[in-house]
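In each ligand, atom 1 is the first atom listed, and ligand 1 is the first ligand listed.
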Amino acid sequence: MTRTVAPSVTCPARMPAMPRRILVVGGGAREHALAWRLAGEHGVESVLVAPGNDAIATVPRVTCVPARPSHGPEIAALAAREDVDLAVVGPEAPLAAGVADALRAAGVPTFGPSAAAARIETSKAFCREVADAAGIRMARGAAFTGAAEARALAAELARDGRGVVVKADGLMAGKGVFVCDDAAEAAAAVGGLLARTTDDEGPVVVVEERLSGREASVIAVCDGTVALPLPAARDHKRIGDGDTGPNTGGMGAYAPIPDLDDAAVARIVREFHMPALAELARRGTPFVGALYAGLMLTADGPVLLEFNARFGDPEVQVLLPLIATPLAPVLLAAALGRLDRAAVGASPAPGAAAGPAAPAGPAAIVADDAAAVGIVLASDGYPEAPVGGDEIHGLDAATAAGALLFHAGTERGADGAWRTKGGRAITVVGVGPELATARDVAERAAARISFRGLRRRHDIAAPAEVPA
Ligand code: AMP
Ligand code: GLY
């Protein structure tokens, strides 16, 4: 039983070659899920992960290599030495540091945008500029360098009583966003952010209207021109149940989400991803990689909160177990600019190695008719003051309960014991025919894992939280 997530059907006969050796850059739970998925695909011989982590190193056919993930020359030299057919860059920091550029310059087919294209995530001011130029719907707002102008807009937006959101321009690991109830709170947030930044070139703080609704993450695999969506997922960014407390990198996710069906996802890709791809290509910085639209589903329809330039974490931990289409050839086709543009009526990718002999990638990414729920277990003190070094118990029991465990901040000592390292430690993923059954697996498995100070949510995909 499969479900089509994109506008057409897959055509395995047109799949490009399977990459046999793959390099994944990064070492968190997202990269654990990617390595697990790619190494498990028929035809993939080995997956290198730089630097990976102790849990990733236990995956069959996966080897972790102690290279610096944000060091372009080091990663490019590793890819060349190991003769990889495809590199996949996971986190935002290496993308911002130009690791995808270094890999491409070394002739390695690479899934991940250039530093210039990744600015869509690394600068919220740039994201607003692209969205404006492309006619993409965003919250009303603007980017500022000066506190007085930023506070003036905050006061204006606060006048109708709906609240204001203040954001740092640059990368803040999900912690640079302040959702404020009134102008005074927003003014304090503006002051705090401007005091923290040393950059006196260009805008550093974004002020925008506060929207309400449920959030959704729509992530599409892109080759510069064409965007093929994965099913929509829902992350939970606040630390506490019922969306309370400070923002984090993400405390849990589920997919698919009942309030965005396949037709709605296809429409979002047409209205958000495709115009962004066209605008970035027009500027000479085509986007090749995972383009992630963080959306607020308002009463008036979806509105963009942010674009990310990579797969979501923890979203991809729940999405990869659901994808039926082989992922490795899709990512290679995207890296080569060869996703099937006939399916979406797009023109050839700029600079794509087209021609009669060039095999096209699939016309859609197909998902199983199933659901997945992921619960993040974070260390003591996360997100304000994370502490590591606590021994983790119950991992085998959680696996025996049927869950997939994707590790981020953990390590295994010489004594064989697993310990936290501070921050998000493990995503516990349950898969089942329905959200309720998937949640049951994830909850039962997560309950078996314990460590001092464990922080987690208990309402991920809870019946009262999931729209009918
Ligand atoms: P961002 O990094 O821009 O996605 O913001 C992180 C989180 O802050 C989002 O996932 C939302 O929960 C919240 N947020 C951001 N912008 C807005 C907005 N305009 N209105 C309401 N909440 C927002
Ligand atoms: N799940 C939020 C993010 O990946 O940015």
Side-chain angles (χ1 to χ4, degrees), residues 26 28-31 33-34 90-93 95-96 118 120-128 131 137-143 153-154 157-158 160 162-181 185-186 189 193 205-219 230 232-240 242-255 272 289-300 302-319 374 376 378 383 406 408 424 427 457 460:
R30 165 185 39 217
E31 290 75 35
L34 281 165
E92 57 274 26
L95 294 168
I120 195 120
E121 168 168 4
T122 58
S123 165
K124 290 191 187 288
F126 180 72
C127 177
R128 291 197 76 90
R137 190 169 172 209
M138 283 200 91
R140 203 182 135 212
L153 178 63
L157 291 172
D160 67 6
R162 280 194 303 169
V164 183
V165 180
V166 177
K167 304 179 177 186
D169 180 57
L171 285 180
M172 302 283 288
K175 289 156 221 150
V177 175
F178 299 86
V179 180
C180 308
D181 287 327
E185 208 184 308
L193 284 177
V205 62
V206 168
V207 174
E208 64 186 33
E209 68 177 318
R210 178 173 168 180
L211 300 168
S212 56
R214 290 180 193 275
E215 290 182 46
S217 307
V218 176
I219 301 168
L230 308 180
R234 173 158 292 132
D235 184 18
H236 295 70
K237 296 222 171 65
R238 303 291 196 102
I239 185 78
D243 287 331
T244 53
N247 266 333
T248 69
M251 293 301 294
Y254 66 88
F272 293 85
L291 184 59
Y292 161 150
L295 302 158
M296 187 72 89
L297 307 180
T298 73
D300 296 332
V303 181
L304 183 72
L305 297 179
E306 62 168 347
F307 274 126
N308 289 323
R310 51 176 172 81
F311 288 118
D313 178 350
E315 288 94 329
V316 92
Q317 290 92 298
V318 296
L319 289 169
V376 171
F406 298 119
R424 294 186 291 174
T427 312
R457 286 180 62 157
I460 311 297

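With contacts defined as side-chain heavy-atom distances shorter than 4.5 Å, the pair Thr427/Val318 does not qualify.
A salt bridge links Glu92 with Arg310: the closest approach of a Lys/Arg side-chain nitrogen to an acidic carboxylate oxygen falls below 4.0 angstrom.
Below 4.0 Å from some heavy atom of Asn308 lie the following atoms of ligand 2, by number and element: 5 (O). Close approach of ligand 2 to Asp235 is summarised as follows: ligand atoms under 4.0 Å from at least one heavy atom of the residue are 1 (N), 2 (C). Per-residue contacts place Lys237 under 4.0 angstrom from the following atoms of ligand 1 (heavy atoms of the residue considered): 10 (O). When each atom of ligand 1 is checked for a heavy atom of Glu215 under 4.0 Å away, the hits are 9 (C), 10 (O), 11 (C), 12 (O). Shown in contact with Glu208 at under 4.0 Å from a heavy atom are these atoms of ligand 1, numbered in order with element: 16 (N), 17 (C), 18 (C), 19 (N). Atoms of ligand 2 lying under 4.0 Å from any heavy atom of Gly312, numbered from 1 in the order shown and given with element: 4 (O). Of all atoms in ligand 1, numbered sequentially from 1 with element shown, those under 4.0 Å from a heavy atom of Leu305 are 3 (O), 9 (C), 11 (C), 16 (N), 17 (C), 18 (C), 19 (N). Near Gly249, meaning under 4.0 Å from one of its heavy atoms, ligand 2 places the atoms 1 (N), 2 (C). Every atom of ligand 1 with a heavy atom of Asn247 under 4.0 Å away is listed here by number and element: 7 (C), 8 (O). Taking every non-hydrogen atom of Glu209 and a distance limit under 4.0 Å, the qualifying atoms of ligand 1 come out as 18 (C), 19 (N), 20 (N). Of all atoms in ligand 2, listed by their number and element, those nearer than 4.0 Å to a heavy atom of Lys237 are 2 (C). Numbered from 1 in the order shown, with element, the atoms of ligand 2 that lie under 4.0 Å from a heavy atom of Arg310 read 3 (C), 4 (O), 5 (O). Atom numbering of ligand 1 starts at 1 in the shown order; those under 4.0 Å from a heavy atom of Lys167 are 3 (O), 15 (C), 16 (N).
For ligand 2, the polar-atom distance check finds an N/O of Asp313 within less than 3.5 Å of one of the ligand's N/O atoms. Looking at Glu306 next to ligand 1, an N or O pair under 3.5 Å apart turns up. Checked by distance only, ligand 1 and Val177 stay at 3.5 Å or farther apart across all their nitrogen or oxygen atoms.
The option with the heavy atom closest to atom 1 (N) of ligand 2, from among His236, Glu315, Glu215, is Glu315.
The shortest separation from a heavy atom of Met296 to ligand 1 is under 4.0 Å, placing the residue in contact. Taking a 4.0 Å cut-off on heavy atoms, Gly294 fails to register as neighbouring ligand 2.
Proximity of a side-chain donor or acceptor of Asp169 to a complementary backbone N or O of Val205 within less than 3.5 Å is not detected. A donor-acceptor distance shorter than 3.5 angstrom exists from the side chain of Arg234 to the backbone of Glu215, with no hydrogens or angles considered. Checking side-chain atoms of Arg457 against main-chain N and O of Arg238 turns up a donor-acceptor pair under 3.5 Å. Proximity of a side-chain donor or acceptor of Glu209 to a complementary backbone N or O of Arg140 within less than 3.5 Å is detected. Judged by distance alone, the side chain of Glu31 and the main-chain N or O of Gly28 form a donor-acceptor pair under 3.5 Å. For Arg424 (side chain) and Val376 (main-chain N/O), no donor-acceptor pair under 3.5 Å exists by modelled atom type.
Only the side chain of Lys124 comes within 4.0 Å of ligand 1, judged by heavy-atom distances. Contact annotation for Tyr292 and ligand 2: only side-chain heavy atoms (C-beta onward) come within less than 4.0 Å of the ligand.
For the atom pair Leu211 CG and Leu304 CG, the distance stands at 10.5 Å (nearest 0.5 Å).
A pairwise comparison of heavy atoms in Val164 and Ala154 identifies CG2-O, 3.5 Å as the closest pair. Across every non-hydrogen atom of Arg128 and Glu208, the tightest pair is NH1-OE1, 2.7 Å. Contact detail for Ala378 and Met251: the closest heavy-atom pair is CB-CE, 4.2 Å. Residues Ile219 and Glu315 come closest through the heavy atom pair CD1-CB, 4.1 Å.
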